[in-house]
Structures are given as structure tokens and as C-alpha cells.
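Data block below; observations after.
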Amino acid sequence: MVSEKRLNIGVLNVQGAVSEHAEFVRSLGDNVVLVKHPEDLDQIDGLIIPGGESTTIGKLMDKYQLSETVREKANKGFPLFGTCAGLILLADEIEGNEKAHLQLMNITVNRNSFGRQRESFETLLAVNGVAEDFPAVFIRAPHIVEFAADVNVLSEYEGRVVAAQQGNLLVTAFHPELTEDMRIHRHFRQIVDNYKKAQQ
Amino acid sequence: MRLQCNNEYTMQIREDGSRVAITGTERVKRGMAQMQKNGVIMDVINAEQAKVAEAAGAVAVMALERVPSDIRAAGGVARMADPTIIEEVMKSVSVPVMAKCRIGHIAEARILEALGVDYIDESEVLTPADDRYHVNKREFTVPFVCGARNLGEALRRIAEGASMIRTKGEPGTGNIVEAVKHMREVQAQIRKVASMSEDELIAEAKNIGAPIELLLQIHKDGKLPVVNFAAGGVATPADAALMMELGADGIFVGSGIFKSESPEKFARAIVDATMNYKDYDLLAKLSHGLGTPMRGIELSTLNDNERMAERGW
């Protein structure tokens, strides 16, 4: 399924499920750039922020001066896709006293809102415009508590928002990269492709 | 409603459109470990240490009553920690909390699961409760990590349901040599299996005492089906970088942090070194002025009965 025009898609390479996302990007026929330094961001058309520990990833993004550059680019429309920890990193606000990280998407999140690891689960979810039966793997997952009017809710589970899009920012509370289902990644690829075309 | 995975249920949508959710699946348990990749998991004995670990960027903490070097020093029977300590740690941090049960101690494992720990380490650091059988980890909703010295041992643990593997190393020694030996052994055996023919694989399954199904999977994928961390002897940022270089997916540090002269500095430097193990200029910078690492033990001074890695099979 190699597309006519390859995109350059970055995967934030700090900590977590980096190789899983990278494999999906390759399978969709695009080039993967593992992003660790601000200059790596110059080579890519969109960035995936994988699942992992949000506190750890957030701290190291600051330390490696990635946060500022990612924020600047995203403010100009650069596409980002965050899964689980990635969702938390993009949020404007985190419930409780915790400091928010990139503050790019107008959402408030609740961390570990489905409980501890023994409560982690998988289920089939409807994701608007993507799938009726997406295998969603929730691992100590967050959910979106509040969101701005222009945030498009893509999926809910038991009344909690678990996938959303605002402009070119896409987030899921679950982990598509732990399945074999690439439909959400393909959806992100489309966002990146549109963005790249608009830039030219 | 959530169902516990017992292999009878598959993901499905009910006739009324509602969705069946399943806990404790292989994917959910292994996935939790995948989220820890490139990270450092630190042993802690109270809330204060747990906060130091979290602030330094640990991806999880292991709640213990004593770190391995103190378990060594104390002697006697080492058991599961007092739940008071585990709960204190769980309340103090937002990163996942792991805890250890004795090899084969089903009841300790069930207690830890009931407490809500995020991962159980069925660990040779504690005194084994069963000299023949490990816990049947498939029956649990909570995932397990187990130690292994070679591929056969790793695959036996995975067959029992372990969702994550780590080298055994030699815990509490601050000496990396055994962890290196175990990591190299596993990696070399994986390479060998990847290049074998099918008839050779069946003989290899017998030789190393591993299920043929798992060997066939490794033959196909060229890697273990679960995440493999390094543990048992990491004391410096360079040790962590060495283990990553040898193919570890991440690092456990036991005594290495809180038995060093300045735990905060060691913790931060080991996290940085793990994530940037190929950036040698950075490693050089990180290794400056850390103070004295944990003291460490030369392995030839240990008696055979003091070697924790020999526990389990």
C-alpha cells in the first residue's frame, strides 16, 4: 500500500511505545523520523507522540528543548497525533494540581480515569468517520473531561470522551499502536497529507 | 460491565450496540510493559524515595521493604513487603507502582493484586516459596515481570503468563557482570533461533526447555514477544547505557540509586543515560561529579548459596 507520495512522519523518541508507532508509519508507506532533538522537527510533516509515562516524557521534552519548538509549530497548524500519554501532553489542563505540558489542545483531561492497571481493558469502539468497530486498548488511560466548542469528539466509552480532534490535533486515550488496526493512523496520515498540500 | 479475560470472551459488540470490555488480556498486560520502554524503574522503600524517583523521571517505582543490598545484608527469609509501605508509595506518586512476591507464592501475588499494584515482580530477590513451580500468571488480571538468565528460562516464564522479562543479574551487588551475561545470552539465543530451520527448532525447544510455539514466534519475529529489561547490578549511568546498547528495552535500578551518595543526581543521570545511550558526549557529561556510587560486591566473594540468580529454574 505504498502511496504515490511518501510523507515524512515523526515519532517522538523519548520514551514509551515508539517502535510500535514507527512500524505503523512504515506500513502505511511513509518515512519515519525518530524525533529527539528540535532540529529533527525540521524534516517532518507531522508528529506522533506515543504512549508512555506522561510525566517522564513531559519532563524530558522540556529538558531536550522540544516542547517549545513543538508548540510553535503546532500553533501554525503542524499536525500532531497523541495516544494516551500523548493526549495528556497536548491538553490545556490536567485535573488535580498537576501542571499541564504542551497546552496545545483546548481540552481538560483526567489521568488514570479508568483505574489502575488491573482495571485496564480492551473493547470495540465506534470512532467517527474512521471505524464502527475499532479495537481500543486502554492502559491506565485518561479521558477528556471538558473541551472547547471546536473540538470534534470522535469517540466515547461509557459516556467519557476518549478520542477527539481539534484542527490538526488528533488524540486517543487508547492505543491503536498495540493492535494491528491502522485505520486511525491512516486518518492521521490524511491530516498530514492535507497539511502538506496546503503548505505547498 | 467489564469481564475478566479467561479466553472465553472476545471483543464484541452486543446486539443492542453496547460493547463488551475485557480486562487482563494478553494485549493489555504486555502493552503496559511496552509503555515503559526506554524508561527506568526504581526500587523505593517509602513515599519520600518514591517522590524522588518520580521527580527524576522514573517510569515506575518498585515498592519494597528493603532494597536488595539490604536484603543481602539482613539475611534470613525475605518476603513480600508490608502492604502499608506499598499503599504509602501508591498514594504518593502517579507513575505505576510495582511490588515483589516470592517465586511460587500464589497468595502473596493475590494480595498484591488485591492491593491494586500495577505490576507484580515474581522475584528471586525474595526467598522462593516454591522450589518447583512458579506462579501460574495467566490466571491473574494484573501483569507479571520475571527474571531470566537465558532464552529457555525467559520462554518458560512467558509460557506461564509473564508479560515482561528482565535479566536476573545479581541483585544488590552493584556489579553489572551477571546482567551483561544474561542479556548477551538471551540476545545470542534469539539470533540463533531466528536463523534455524524448523527441524532444528524442535530440537532446540527440547534443548532449552521452551515451548515450540514460542520458538516459532521468535523465529518469525526475530525478537521476544514481550519487553525485556535489564536488572540486577546497575549502579551508574554508564551501566544503564551499556545494558541498552546490549539490547535492553529499559532498566531496573535496585540498590543503585538510594545506596549511592546522592540519590537525586544518580536517579536523574541514569534516566538520561537510558534514553540517550548512544549520545556519548552526553554520557560523559552525565558521569561527572555524581559522588560515590553504591559500594558493590565482587562476585567471586559470594558463596554459591548467596547467589540470588540461581533461584528459580
Sorted by first residue and then second, give each salt bridge (Lys or Arg N to Asp or Glu O under 4.0 Å) pair with at least one member in residues 10-22 of chain A; sequence neighbours left out.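 Only A/Glu20-B/Lys37 qualify under salt bridge (Lys or Arg N to Asp or Glu O under 4.0 Å).
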Contact list for residues 7-17 of chain A, test salt bridge (Lys or Arg N to Asp or Glu O under 4.0 Å), sequence neighbours left out: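 Salt bridge (Lys or Arg N to Asp or Glu O under 4.0 Å) check on residues 7-17 of chain A returns no pairs.
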Neighbours of chain A found in residues 262-278 of chain B - heavy atoms under 4.5 Å: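 The stretch touches chain A at B/Val271, B/Asp272, B/Met275, B/Asn276.
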More than 12 non-hydrogen atoms from neighbouring residues, nucleotides or ligands closer than 6.0 Å to [atom1] on [X], yes or no?
X        : atom1 : value
B/Lys223 : NZ    : no
B/Leu283 : CG    : yes
A/Glu93  : CD    : no
A/Gln43  : CD    : yes
A/Gln200 : CD    : yes

Structural part of [X] lying under 4.5 Å from a heavy atom of chain B:
X        : result
A/Thr179 : both
A/Val137 : side chain
A/Ala126 : both

Donor-acceptor under 3.5 Å (B/Asp118 side chain, A/Gln117 main chain):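 Checking the backbone N and O of A/Gln117 against the side chain of B/Asp118, a donor-acceptor pair under 3.5 Å is found.
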If you round to the nearest 0.5 Å, how far is CD1 of A/Ile139 from NZ of B/Lys29?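 Here the rounded value is 12.0 Å.
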Can you find a heavy atom in the side chain of [X] that is under 4.5 Å from one in the side chain of [Y]?
X        : Y        : answer
A/Glu53  : B/Met35  : no
A/Phe121 : B/Ile22  : no
B/Pro96  : A/Arg140 : yes
A/Arg118 : B/Pro143 : no
A/Arg116 : B/Met90  : yes

Residue list, side chain to side chain donor-acceptor pair (under 3.5 Å) with A/Arg111, at least two apart or on another chain: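 So A/Arg111 forms a side chain to side chain donor-acceptor pair (under 3.5 Å) with A/Thr55, A/Glu98, B/Ser94.
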Under a 4.5 Å heavy-atom cutoff, which of A/Asp133, A/Asn112, A/Leu60 has the most pairs with chain B?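 With the most close heavy-atom pairs to chain B, the winner is A/Leu60.
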Looking at B/Val227, B/Val142, B/Val59, which has the largest count of heavy-atom pairs under 4.5 Å with chain A?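 Winner by heavy-atom pair count: B/Val59.
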Between B/Ala55, B/Gly31, B/Gly116, B/Gly39, which has the largest tally of heavy atom pairs under 4.5 Å with chain A?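 Counting heavy-atom pairs under 4.5 Å, the top option is B/Gly116.
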Minimum heavy-atom separation for B/Gln34 to A/Leu178, with atom names?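 Minimum heavy-atom separation between B/Gln34 and A/Leu178: NE2-CD2, 3.4 Å.
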Ignoring hydrogens, what is the shortest heavy-atom contact between A/Ser120 and B/Val28? Give both atom names and the distance.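 That would be CB-CG1, 3.4 Å.
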Side chain / backbone / both / neither for B/Ala60 at chain A, heavy atoms under 4.5 Å: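 For B/Ala60, neither part sits under 4.5 Å from chain A.
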